[in-house]
2 protein chains.
Amino acid sequence: MAAVATREQIVAAADRLFYHHGYEHTSFADIAGAVGLSRGNFYYHFKSKDAILDAVIDARLADTRRMLEQWEAEASTPAGRIMRYIEIVLTNRADIQDYGCPVGTLTTELAKLEHAMLGQAGRLFAVFRTWLREQFALIGPAEQADELAMHVLAFSQGVAVMANAFRDEAFIQREVDRMRDWLHTYEK
Amino acid sequence: MAAVATREQIVAAADRLFYHHGYEHTSFADIAGAVGLSRGNFYYHFKSKDAILDAVIDARLADTRRMLEQWEAEASTPAGRIMRYIEIVLTNRADIQDYGCPVGTLTTELAKLEHAMLGQAGRLFAVFRTWLREQFALIGPAEQADELAMHVLAFSQGVAVMANAFRDEAFIQREVDRMRDWLHTYEK
DNA sequence: GTCTATAATTCGATAGAC
DNA sequence: GTCTATCGAATTATAGAC
């Protein structure tokens, strides 16, 4: 198999396994097994577990930026774009109930491990924060835009943790409705 | 040393280490080292790592119930008691910025490990949920009490995850202020 | 590029002396 | 109740054949 294709398969498998079972709990053997590769050959593509994590975060950053561009193309108003973010806990409710938020849970885990890649993972949050801030700046005072962005991020993380803990779909829907009402008070 | 005192020391050390570094990342050697015990002697007190986790959760449940009783003794109104919960992210802001919420991060980790003790950890959330529900039932319709309790829990988890990710103390204060305003609209 | 074999370490857990 | 010694399995990572 071409090295590039194998590398992409490894990153995709690691991404999924890190999300489902956590970074530390996922071993090389798990990733190799998921791709159908021997452990030995693994080191031809990635020289360390940290290197895989780095590649996974890069891939998630690229995916996130692609998603945000798509939202900008599909939703015509800033409030509509913010709602796309808010509704992500509804769109991904099945995964969120099983595994929590991919960004939040990775950041939480890396913080406890005092892992060198924690700063890299923080960039995932930062991409959403910057994008939300830009949307809020279009419908209200620029001084408030960042704290409103942080409020929306905190909403998504709170819902994700509780939905994961209680596996309660109705709860997610109620919190999204509550957030929609809140957003309407800011909507231009 | 008396077995009871040693056991309590082990539970206290494990509690702290599980919170700071996570359950899986904490080894027997870490706990034994913190208590000043040899690895071998460890198994006289606990026969498995799961048994320690069980004891840690029991200790946290007892601590939580004690704290809630104290809040009931100190705050005369239901809204005042709910505010005590909301302000916990401010009271414990140093630990929360470093390690997140002890309940939320443990539950998140155990869910990913598909650990048998996940249900036990869920009881920690349930204790807060039940208590908050009771407080809300005293100031409004009983049908809404549980979803308001869940909303407050989600608030605390969202703030904890974001405060841990960005280490932003001003953010915590702003979110608490926002929540205080929200609570006043329900206050009797 | 992929494999087998294996080194070096750490893990949870046990046995048995004192 | 505490210790040392150790087991067996799993971990990350390397070496070298093909």
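Note that these values count all heavy atoms, side chains included, but never hydrogens, waters or copies made by symmetry. Source: prediction; values computed, not measured.
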Is there any side-chain hydrogen bond (donor to acceptor under 3.5 Å, both in side chains) pair reaching into residues 163-172 of chain B, and which pairs are they, with sequence neighbours excluded? B/Arg93-B/Glu169, B/Gln97-B/Glu169, B/Asp98-B/Arg167
Report yes if a side-chain nitrogen or oxygen of A/Tyr44 is closer than 4.0 Å to either non-bridging phosphate oxygen (OP1 or OP2) of C/dG1; otherwise report no. yes
Of all residues at least two apart in sequence or in a different chain, which pass the side-chain hydrogen bond (donor to acceptor under 3.5 Å, both in side chains) check with B/Gln173? B/Asp177
Show me the protein contacts with nucleotides 13-18 of chain D, counting only N or O atoms at under 3.5 Å.
unit_1: D/dA13; atom_1: OP2; unit_2: A/Lys49; atom_2: N; d: 3.2
unit_1: D/dA13; atom_1: N7; unit_2: A/Tyr43; atom_2: OH; d: 3.2

May I ask you to evaluate whether A/His25 reaches the phosphate of D/dT11, defined as a side-chain N or O under 4.0 Å from OP1 or OP2? no
Let me know the distance between CD of B/Glu24 and P of C/dT10, rounded to the nearest Å. 17 Å
Touch class at under 4.0 angstrom, heavy-atom based, for B/Ser27 against every strand present: sugar-phosphate
Between CD1 of A/Ile52 and C1' of D/dT11 the distance, given in whole Å, is 13 Å
From OG1 (B/Thr107) to CE (B/Met117), nearest 0.5 Å: 13.0 Å
Does A/Thr6 make a side-chain N or O approach to OP1 or OP2 of C/dT2 shorter than 4.0 Å? yes
Return the set of residues passing side-chain hydrogen bond (donor to acceptor under 3.5 Å, both in side chains) with A/Trp131 (not counting sequence neighbours), or none when no residue passes. A/Glu72
The criterion is ring pair (Phe, Tyr, Trp, His ring centres under 6.0 Å); which residues satisfy it with B/His45, sequence neighbours excluded? none
Would you mind reading off the distance between A/Leu113 atom CG and D/dT11 atom C1', rounded to a whole angstrom? 15 Å
Could you list the donor-acceptor pairs under 3.5 angstrom formed by side chains in residues 30-44 of chain B, with sequence neighbours left out?
unit_1: B/Asp30; atom_1: OD2; unit_2: B/Ser27; atom_2: N; d: 3.0
unit_1: B/Asp30; atom_1: OD2; unit_2: B/Ser27; atom_2: OG; d: 3.2
unit_1: B/Ser38; atom_1: OG; unit_2: B/Asn41; atom_2: N; d: 3.3

Between B/Phe46 (CZ) and C/dT14 (C1'), how many Å, whole number? 18 Å
